[in-house]
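To find a chain, count down the sequence lines: A is the first, B the second, and so on, and within it residues start at 1.
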There are 2 protein chains.
Amino acid sequence: MATGRTHRPATRSRGIPEATVARLPLYLRALTALSERSVPTVSSEELAAAAGVNSAKLRKDFSYLGSYGTRGVGYDVEYLVYQISRELGLTQDWPVVIVGIGNLGAALANYGGFASRGFRVAALIDADPAMAGRQVAGIVVQHSDDLEKIISDNGVSIGVITTPPGVAQQVCDRLVAAGVTSILNFAPTVLAVPDGVDVRKVDLSIELQILAFHEQRKAGEEHEGAVAPVAAHRDAGEQGPDGDVPAVMPA
Amino acid sequence: MATGRTHRPATRSRGIPEATVARLPLYLRALTALSERSVPTVSSEELAAAAGVNSAKLRKDFSYLGSYGTRGVGYDVEYLVYQISRELGLTQDWPVVIVGIGNLGAALANYGGFASRGFRVAALIDADPAMAGRQVAGIVVQHSDDLEKIISDNGVSIGVITTPPGVAQQVCDRLVAAGVTSILNFAPTVLAVPDGVDVRKVDLSIELQILAFHEQRKAGEEHEGAVAPVAAHRDAGEQGPDGDVPAVMPA
DNA sequence: ATGTCTTTGTGAACGCGTGCACAAAGATGG
DNA sequence: CCATCTTTGTGCACGCGTTCACAAAGACAT
């Protein structure tokens, strides 16, 4: 039944939407839990509930990977675990370096979920000579002087930055120059990287500030029945250099 | 199955777009740095570069605040710092509890950027009796039996969960029942919460998996010739339930 | 005051992501 | 072999977010 029908061009299958990629790890986690309970198949509705998403969204996400479901039955758990793992590149081993072995860096090195699937802490690097030689999570900390050699020798392409913000950019530059093309940044800094290098940031204070915003709005809605977010009454008298209160937006 | 709504319809009608809210902390950080260097004014172009975003986007973001720029000049740094801080609710103090004082929880407690602006670690809570009484980051760890009282006494509305995934949901339930309405979840679990409670998650392994996906794609594009990644899902022939494809996981 | 120059604020177009609703596909039972 | 039932896969519409491009607004020089 293959011939005659112009199937979906393969060019599309290459481009999985970014939003879908971000959800694949979520599905994979839920599927792994099902697999450990020896559940053979799962419907989109059940899996969606477990992953906390809409079932239509889940089906559409999977449709980008191909047709792996069976109508009337659902998805084969083991098969789907394998497919998603392969799509995410977790069937191979990714050596990772952590730069900056302070409180956070050490915590990440000890983090179980790190080495669980696909990722392996290849090296810990710190700029403090007193740290070099000490063991953290069973791994010897190496000095940052050897950063380039460590990256090269281990074929590292993913780097985790847990340094103070002041040195994050230069650490990043050295990582990139040494061959790292993916960076997970925990330092509260905007990193500038050349084209072709991916950066994802994890920023505690940004997350808290976003929560604070919503929290404030909830508190405001409780007291004031009417919505008066801005321009209710502003006391800019003691703040602005200009000193006067700007008029309310007309439109 | 406890299907609480994990996500809610986002911002209200008159509210600031969620994407904008997520960027405000970024702007605030850049502006604070300028303020410390005593820079009086800044243009949207300069500030956008410092925050790593498009200048048009930045201007539109500020327009939602009722932006107070001066055409031909730019934005007054101090004034903008104040406006954004107020909008984010950082002019008041937010007591925060951290539940789960393991490696990660302790690292967060020691994290400087935590108490820097607006946030204060009101209590550290752990279920291990051996932890109770010990000091972490100068704060005495309290036992989780007293969780409700701690939340209530300190007026805590923001909770940080750094427990193992197995107990995260029940910790979450207790936090919410005690009055917490914003949760920052570091445990690799999907949390179900009632309406009106905000949850943001920080998940190391998800971030790494997303990076791995892009990394794999980069590696694949290099070769370009002998790549057979999905091997073409061309109608899949007889895609039996457990046929040709090895459902093996490198677990 | 007037003209020029700089930069903001925003209308409009576009693309992406989401969710509904339903036809197609396969399982299942008689 | 046919009817029915379940669940997938997806066309479509809608809303949000991003970006372009430009008129409006103010600073500044003459």
Side-chain angles (χ1 to χ4, degrees), chain A residues 1-2 5 7-9 12-13 15-24 26-27 40-49 51-77 79-80 83 241-242 244 246-251, chain B residues 5-24 26-27 40-49 51-77 79-80 83 233 235-241 243:
Chain A
M1 67 172 293
R5 262 187 58 184
H7 205 276
R8 198 57 159 172
R12 246 325 179 224
S13 76
I16 299 177
E18 192 58 30
T20 295
V21 173
R23 280 188 295 269
L24 289 182
L26 228 52
Y27 302 145
T41 62
V42 65
S43 71
S44 65
E45 205 70 47
E46 293 168 317
L47 186 54
V53 301
N54 183 293
S55 69
K57 194 188 298 185
L58 179 142
R59 289 196 298 274
K60 182 149 292 189
D61 283 341
F62 286 174
S63 78
Y64 292 116
L65 308 181
S67 297
Y68 294 144
T70 304
R71 301 184 188 221
V73 175
Y75 299 91
D76 182 277
V77 172
Y79 186 65
L80 205 45
Q83 288 299 338
D242 297 318
D244 70 348
V248 184
M249 286 295 291
Chain B
R5 299 184 58 81
T6 316
H7 204 58
R8 65 175 190 168
T11 39
R12 294 292 178 86
S13 52
R14 293 304 170 90
I16 300 174
E18 192 58 31
T20 295
V21 172
R23 280 188 294 269
L24 288 182
L26 230 51
Y27 302 145
T41 62
V42 65
S43 71
S44 65
E45 206 70 47
E46 293 168 317
L47 186 54
V53 302
N54 184 294
S55 69
K57 193 188 298 186
L58 179 142
R59 288 196 298 275
K60 181 147 288 191
D61 283 342
F62 285 174
S63 77
Y64 292 117
L65 306 181
S67 198
Y68 306 106
T70 305
R71 301 184 189 220
V73 174
Y75 299 91
D76 182 279
V77 172
Y79 188 59
L80 206 44
Q83 288 298 338
H233 58 77
D235 273 341
E238 67 285 355
Q239 179 198 332

Is a donor from one side chain sitting under 3.5 angstrom from an acceptor on the other, for B:Y68 and B:D76?
no
Quiz item: B:K60 side-chain donor-acceptor pair to D:dT19 base, under 3.5 Å
yes
Check side-chain hydrogen bond (donor to acceptor under 3.5 Å, both in side chains) between B:T41 and all other residues, then give those that pass, not counting sequence neighbours.
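Checked B:T41 against side-chain hydrogen bond (donor to acceptor under 3.5 Å, both in side chains); zero matches.
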Would you tell me if any nitrogen or oxygen in the side chain of A:R23 comes within less than 4.0 Å of OP1 or OP2 on C:dT18?
yes
Hey, does the side chain of A:N54 come within less than 4.0 Å of C:dG17's phosphate (OP1/OP2), counting only N and O?
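Checking A:N54 against C:dG17: no side-chain N or O falls below 4.0 Å of OP1 or OP2.
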Could you tell me whether the side chain of [Y] reaches within less than 4.5 Å of the side chain of [X], counting heavy atoms only?
| X | Y | result |
| --- | --- | --- |
| B:Q83 | B:L65 | no |
| A:Y27 | A:V53 | yes |
| B:S44 | B:Y75 | yes |
| A:P17 | A:Y64 | yes |

Grab the [atom1]-[atom2] distance between [X] and [N] for me, whole Å please.
| X | N | atom1 | atom2 | value |
| --- | --- | --- | --- | --- |
| B:Y68 | C:dT8 | OH | P | 17 Å |
| B:L65 | C:dT10 | CG | P | 12 Å |
| B:Y64 | D:dG17 | OH | P | 8 Å |
| A:E45 | D:dC5 | CD | P | 19 Å |
| B:R59 | D:dG17 | CZ | P | 19 Å |
| B:L58 | D:dC20 | CG | C1' | 16 Å |
| A:D76 | D:dT7 | CG | P | 16 Å |

Upstream residue (5' side of DNA chain C) when B:A56 and A:K57 are each assigned their closest nucleotide:
B:A56
Of all the heavy-atom pairs spanning A:S55 and A:A48, show the shortest one and how long it is.
CA-CB, 3.5 Å
Base contacts versus sugar-phosphate-only contacts with protein, heavy atoms under 4.0 Å: please encode nucleotides 24-30 of chain D as B, S and - from 5' to 3'.
BB-S---
Looking for any heavy atom pair under 4.0 Å, which part of the strands does B:Y75 touch: base, sugar-phosphate only, or nothing?
sugar-phosphate
Among D:dC20, C:dT8, D:dT10, which nucleotide has an atom closest to any side-chain atom of B:S44?
C:dT8
Counting only side-chain heavy atoms from C-beta out, which of C:dT8, D:dT8, D:dA21 sits nearest to B:S43?
C:dT8
Please check if the side chain of B:T70 supplies one atom and the backbone of B:V73 the other of a donor-acceptor pair under 3.5 Å.
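No, B:T70 side chain to B:V73 backbone: no donor-acceptor pair under 3.5 Å.
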Rounded to the nearest 0.5 Å, what separation is found between the CG atom of A:N54 and the CD atom of A:E45?
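Here the interatomic distance stands at 8.0 Å.
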N/O contacts under 3.5 Å, protein versus nucleotides 13-16 of chain D?
none

